[in-house]
Amino acid sequence: KNEVEQSPQNLTAQEGEFITINCSYSVGISALHWLQQHPGGGIVSLFMLSSGKKKHGRLIATINIQEKHSSLHITASHPRDSAVYICAVREYGGSQGNLIFGKGTKLSVKP
Amino acid sequence: KAGVTQTPRYLIKTRGQQVTLSCSPISGHRSVSWYQQTPGQGLQFLFEYFSETQRNKGNFPGRFSGRQFSNSRSEMNVSTLELGDSALYLCASSASRDRGSSSYEQYFGPGTRLTVT
(Lines give C-alpha, C1' and ligand atoms only; values in the text may rest on other atoms or scores of the structure.)
Protein backbone atom coordinates (compact mmCIF):
# COMPACT_ATOMS: atom_id res chain seq x y z
CA LYS A 1 0.00 0.00 0.00
CA ASN A 2 1.33 3.44 -0.92
CA GLU A 3 1.99 5.75 2.00
CA VAL A 4 0.49 8.68 0.07
CA GLU A 5 -2.67 8.14 -1.94
CA GLN A 6 -4.24 10.69 -4.23
CA SER A 7 -7.66 10.76 -5.84
CA PRO A 8 -8.76 11.01 -8.49
CA GLN A 9 -5.90 9.92 -10.75
CA ASN A 10 -7.36 11.81 -13.68
CA LEU A 11 -9.82 14.68 -13.72
CA THR A 12 -11.43 16.52 -16.60
CA ALA A 13 -13.36 19.70 -15.89
CA GLN A 14 -15.03 22.50 -17.79
CA GLU A 15 -13.67 25.99 -17.42
CA GLY A 16 -15.18 27.67 -14.39
CA GLU A 17 -15.84 24.51 -12.41
CA PHE A 18 -14.81 24.02 -8.78
CA ILE A 19 -12.21 21.28 -8.47
CA THR A 20 -11.15 19.18 -5.51
CA ILE A 21 -8.14 16.86 -5.36
CA ASN A 22 -7.69 14.65 -2.33
CA CYS A 23 -4.62 13.27 -0.59
CA SER A 24 -4.55 10.67 2.19
CA TYR A 25 -1.44 9.49 3.95
CA SER A 26 -0.66 6.76 6.43
CA VAL A 27 2.43 8.08 8.25
CA GLY A 28 2.88 10.75 10.88
CA ILE A 29 3.96 13.93 9.17
CA SER A 30 5.49 17.28 9.99
CA ALA A 31 4.51 18.91 6.69
CA LEU A 32 2.52 18.30 3.55
CA HIS A 33 3.31 19.87 0.17
CA TRP A 34 1.10 20.42 -2.83
CA LEU A 35 3.09 20.63 -6.05
CA GLN A 36 2.14 21.47 -9.62
CA GLN A 37 3.91 19.96 -12.60
CA HIS A 38 3.33 21.19 -16.13
CA PRO A 39 4.19 19.24 -19.28
CA GLY A 40 7.94 19.55 -19.76
CA GLY A 41 8.60 18.62 -16.16
CA GLY A 42 9.00 21.82 -14.15
CA ILE A 43 7.60 21.56 -10.64
CA VAL A 44 6.26 24.48 -8.66
CA SER A 45 5.51 24.31 -4.96
CA LEU A 46 1.96 25.58 -4.40
CA PHE A 47 1.55 25.09 -0.68
CA MET A 48 3.30 23.73 2.36
CA LEU A 49 0.96 22.89 5.24
CA SER A 50 1.31 21.56 8.72
CA SER A 51 -2.17 22.48 9.94
CA GLY A 52 -5.35 24.29 8.97
CA LYS A 53 -5.87 26.01 5.68
CA LYS A 54 -3.98 28.19 3.21
CA LYS A 55 -5.25 30.25 0.29
CA HIS A 56 -3.41 31.70 -2.67
CA GLY A 57 -5.49 33.29 -5.36
CA ARG A 58 -7.95 30.70 -6.65
CA LEU A 59 -6.19 27.85 -4.84
CA ILE A 60 -7.08 26.64 -1.37
CA ALA A 61 -5.37 23.85 0.53
CA THR A 62 -6.63 22.27 3.72
CA ILE A 63 -5.24 19.61 5.99
CA ASN A 64 -6.77 17.51 8.76
CA ILE A 65 -3.91 16.03 10.76
CA GLN A 66 -6.16 13.75 12.84
CA GLU A 67 -7.74 12.23 9.75
CA LYS A 68 -4.44 12.24 7.79
CA HIS A 69 -6.10 13.92 4.86
CA SER A 70 -5.56 17.00 2.75
CA SER A 71 -7.49 18.60 -0.08
CA LEU A 72 -6.52 21.00 -2.81
CA HIS A 73 -9.36 23.12 -4.20
CA ILE A 74 -9.31 25.21 -7.35
CA THR A 75 -12.10 27.73 -7.72
CA ALA A 76 -13.19 29.05 -11.12
CA SER A 77 -10.89 26.65 -12.95
CA HIS A 78 -9.14 27.78 -16.12
CA PRO A 79 -7.41 25.87 -18.93
CA ARG A 80 -4.06 27.16 -17.66
CA ASP A 81 -4.67 25.12 -14.48
CA SER A 82 -4.22 21.97 -16.58
CA ALA A 83 -1.27 20.16 -15.01
CA VAL A 84 -0.39 17.28 -12.75
CA TYR A 85 -0.92 18.02 -9.07
CA ILE A 86 1.23 16.08 -6.64
CA CYS A 87 0.85 15.67 -2.91
CA ALA A 88 4.04 15.02 -0.92
CA VAL A 89 4.60 14.52 2.79
CA ARG A 90 7.58 14.98 5.03
CA GLU A 91 7.51 12.17 7.56
CA TYR A 92 7.70 13.27 11.19
CA GLY A 93 11.35 13.36 12.24
CA GLY A 94 12.49 13.18 8.66
CA SER A 95 14.86 15.60 7.02
CA GLN A 96 13.77 18.55 4.90
CA GLY A 97 13.98 17.01 1.48
CA ASN A 98 13.03 13.46 2.34
CA LEU A 99 9.56 13.59 0.85
CA ILE A 100 7.15 10.78 0.09
CA PHE A 101 5.14 11.54 -3.03
CA GLY A 102 1.72 10.58 -4.25
CA LYS A 103 1.31 9.41 -7.84
CA GLY A 104 -0.26 12.68 -8.88
CA THR A 105 -3.63 13.82 -10.26
CA LYS A 106 -3.70 14.80 -13.90
CA LEU A 107 -6.10 17.70 -14.35
CA SER A 108 -7.39 18.83 -17.71
CA VAL A 109 -9.59 21.91 -17.86
CA LYS A 110 -11.50 22.36 -21.11
CA PRO A 111 -12.50 25.80 -22.39
CA LYS B 1 16.80 36.00 -7.25
CA ALA B 2 17.69 33.35 -9.79
CA GLY B 3 15.93 30.03 -9.40
CA VAL B 4 17.38 26.56 -9.13
CA THR B 5 19.35 25.65 -12.22
CA GLN B 6 20.25 22.21 -13.48
CA THR B 7 22.67 21.19 -16.18
CA PRO B 8 22.51 19.64 -18.61
CA ARG B 9 18.79 19.71 -19.40
CA TYR B 10 18.91 16.67 -21.66
CA LEU B 11 21.34 13.82 -21.84
CA ILE B 12 21.59 10.58 -23.79
CA LYS B 13 23.94 7.90 -22.52
CA THR B 14 24.64 4.26 -23.29
CA ARG B 15 24.24 1.37 -20.87
CA GLY B 16 27.34 0.89 -18.75
CA GLN B 17 28.46 4.51 -18.96
CA GLN B 18 28.42 6.92 -16.06
CA VAL B 19 26.83 10.36 -15.83
CA THR B 20 27.18 13.44 -13.66
CA LEU B 21 24.36 15.92 -13.22
CA SER B 22 24.73 19.36 -11.68
CA CYS B 23 22.43 21.51 -9.58
CA SER B 24 22.91 25.10 -8.45
CA PRO B 25 20.53 26.07 -5.64
CA ILE B 26 18.92 29.43 -5.03
CA SER B 27 21.45 31.84 -3.56
CA GLY B 28 21.53 31.45 0.21
CA HIS B 29 19.94 28.00 0.23
CA ARG B 30 22.14 25.39 1.85
CA SER B 31 19.96 22.32 1.50
CA VAL B 32 19.79 20.46 -1.82
CA SER B 33 17.70 17.37 -2.47
CA TRP B 34 17.64 15.11 -5.50
CA TYR B 35 14.66 13.18 -6.85
CA GLN B 36 14.07 10.70 -9.64
CA GLN B 37 10.83 10.72 -11.61
CA THR B 38 9.78 7.83 -13.85
CA PRO B 39 6.40 7.02 -15.38
CA GLY B 40 6.17 3.80 -13.39
CA GLN B 41 7.41 4.83 -9.95
CA GLY B 42 6.60 8.53 -9.97
CA LEU B 43 8.75 10.81 -7.87
CA GLN B 44 11.21 9.21 -5.48
CA PHE B 45 13.68 10.74 -3.07
CA LEU B 46 17.32 10.07 -3.88
CA PHE B 47 19.35 12.00 -1.32
CA GLU B 48 19.69 15.27 0.50
CA TYR B 49 22.72 17.40 1.26
CA PHE B 50 23.22 20.17 3.74
CA SER B 51 26.51 21.99 4.33
CA GLU B 52 28.44 19.47 2.22
CA THR B 53 27.10 16.52 4.27
CA GLN B 54 24.65 13.90 3.12
CA ARG B 55 21.73 14.07 5.55
CA ASN B 56 19.57 11.35 4.16
CA LYS B 57 19.47 8.81 1.37
CA GLY B 58 16.56 7.12 -0.34
CA ASN B 59 16.28 3.50 -1.31
CA PHE B 60 18.55 3.47 -4.34
CA PRO B 61 21.56 1.28 -5.14
CA GLY B 62 25.10 2.43 -4.48
CA ARG B 63 25.51 3.32 -8.15
CA PHE B 64 23.75 6.54 -7.27
CA SER B 65 25.92 8.98 -5.38
CA GLY B 66 26.20 12.68 -4.85
CA ARG B 67 28.11 15.43 -3.22
CA GLN B 68 27.76 19.07 -2.28
CA PHE B 69 30.40 21.75 -2.54
CA SER B 70 31.17 24.62 -0.21
CA ASN B 71 29.14 26.99 -2.41
CA SER B 72 26.12 24.66 -1.97
CA ARG B 73 26.18 23.51 -5.59
CA SER B 74 25.54 19.81 -5.81
CA GLU B 75 26.29 17.02 -8.23
CA MET B 76 24.87 13.57 -8.52
CA ASN B 77 26.56 10.70 -10.25
CA VAL B 78 25.17 7.48 -11.62
CA SER B 79 27.68 4.80 -12.55
CA THR B 80 27.18 1.74 -14.73
CA LEU B 81 23.99 3.08 -16.23
CA GLU B 82 21.04 0.76 -16.77
CA LEU B 83 18.05 1.22 -19.06
CA GLY B 84 15.87 1.67 -15.98
CA ASP B 85 17.84 4.76 -14.98
CA SER B 86 16.14 6.67 -17.79
CA ALA B 87 14.21 9.33 -15.92
CA LEU B 88 13.76 12.98 -15.14
CA TYR B 89 16.17 13.93 -12.36
CA LEU B 90 15.06 16.88 -10.31
CA CYS B 91 16.86 18.80 -7.67
CA ALA B 92 15.32 21.15 -5.16
CA SER B 93 16.77 23.60 -2.71
CA SER B 94 15.44 24.95 0.54
CA ALA B 95 16.55 27.36 3.19
CA SER B 96 16.55 24.70 5.89
CA ARG B 97 19.22 25.21 8.47
CA ASP B 98 19.07 22.02 10.48
CA ARG B 99 17.09 18.86 11.05
CA GLY B 100 15.17 20.34 13.93
CA SER B 101 14.03 23.47 12.13
CA SER B 102 10.56 24.18 10.81
CA SER B 103 9.75 22.93 7.39
CA TYR B 104 10.88 25.13 4.56
CA GLU B 105 9.50 25.16 1.04
CA GLN B 106 11.27 23.18 -1.62
CA TYR B 107 12.14 25.10 -4.80
CA PHE B 108 12.56 22.79 -7.75
CA GLY B 109 14.84 23.06 -10.75
CA PRO B 110 13.68 22.30 -14.31
CA GLY B 111 15.20 18.83 -14.22
CA THR B 112 17.63 16.85 -16.33
CA ARG B 113 16.03 14.31 -18.62
CA LEU B 114 18.35 11.32 -18.90
CA THR B 115 17.83 8.71 -21.59
CA VAL B 116 19.86 5.50 -21.40
CA THR B 117 20.03 3.47 -24.62
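Labels below follow one simple rule: chain letters A, B, ... track the order of the sequence lines, proteins then strands, and each chain is numbered from 1. Atom set for the values below is all heavy atoms of this structure, side chains included, hydrogens, waters and symmetry mates excluded.
When heavy atoms are compared at a cutoff of 4.5 Å, B:Tyr107 does not approach chain A at all. At a 4.5 Å heavy-atom cutoff, the contact between A:Ile86 and chain B is made by side-chain atoms alone. Looking at B:Leu90, only its side chain comes within 4.5 Å of chain A, counting heavy atoms on both sides.
There is no path of hydrophobic side-chain contacts, each under 4.5 Å, that joins A:Val89 to A:Ile43. Residues B:Tyr35 and B:Phe60 do not share a hydrophobic cluster, clusters being chains of Ile/Leu/Val/Met/Phe/Trp/Tyr side chains in contact below 4.5 Å. Cluster annotation: A:Val4 is not connected to A:Met48 through the hydrophobic network of ILVMFWY side chains, with a link wherever side-chain heavy atoms come within less than 4.5 Å.
Other residues, nucleotides and ligands place more than 12 heavy atoms under 6.0 Å from the CD1 atom of A:Ile65. The number of heavy atoms from other shown groups lying within 6.0 Å of CZ (B:Arg15) does not exceed 12.
Nearest heavy-atom pair across B:Gln106 and A:Leu99 is CG-CD1, 4.1 Å. Residues A:Lys103 and B:Gln41 come closest through the heavy atom pair NZ-O, 3.2 Å. Residues B:Phe108 and A:Leu35 approach most closely at CE1-CD2, 3.9 Å, considering heavy atoms.
Ring pair B:Phe45/A:Phe101: centre-to-centre distance not below 6.0 Å.
Sorted by first and then second residue, the side chain to side chain donor-acceptor pair (under 3.5 Å) pairs involving residues 65-79 of chain B (not counting sequence neighbours) are B:Thr20-B:Asn77, B:Ser22-B:Arg73, B:Trp34-B:Ser74, B:Arg67-B:Glu75, B:Arg73-B:Glu75.
Between A:Gln37 and B:Leu88, some side-chain heavy-atom pair lies under the 4.5 Å cut-off.
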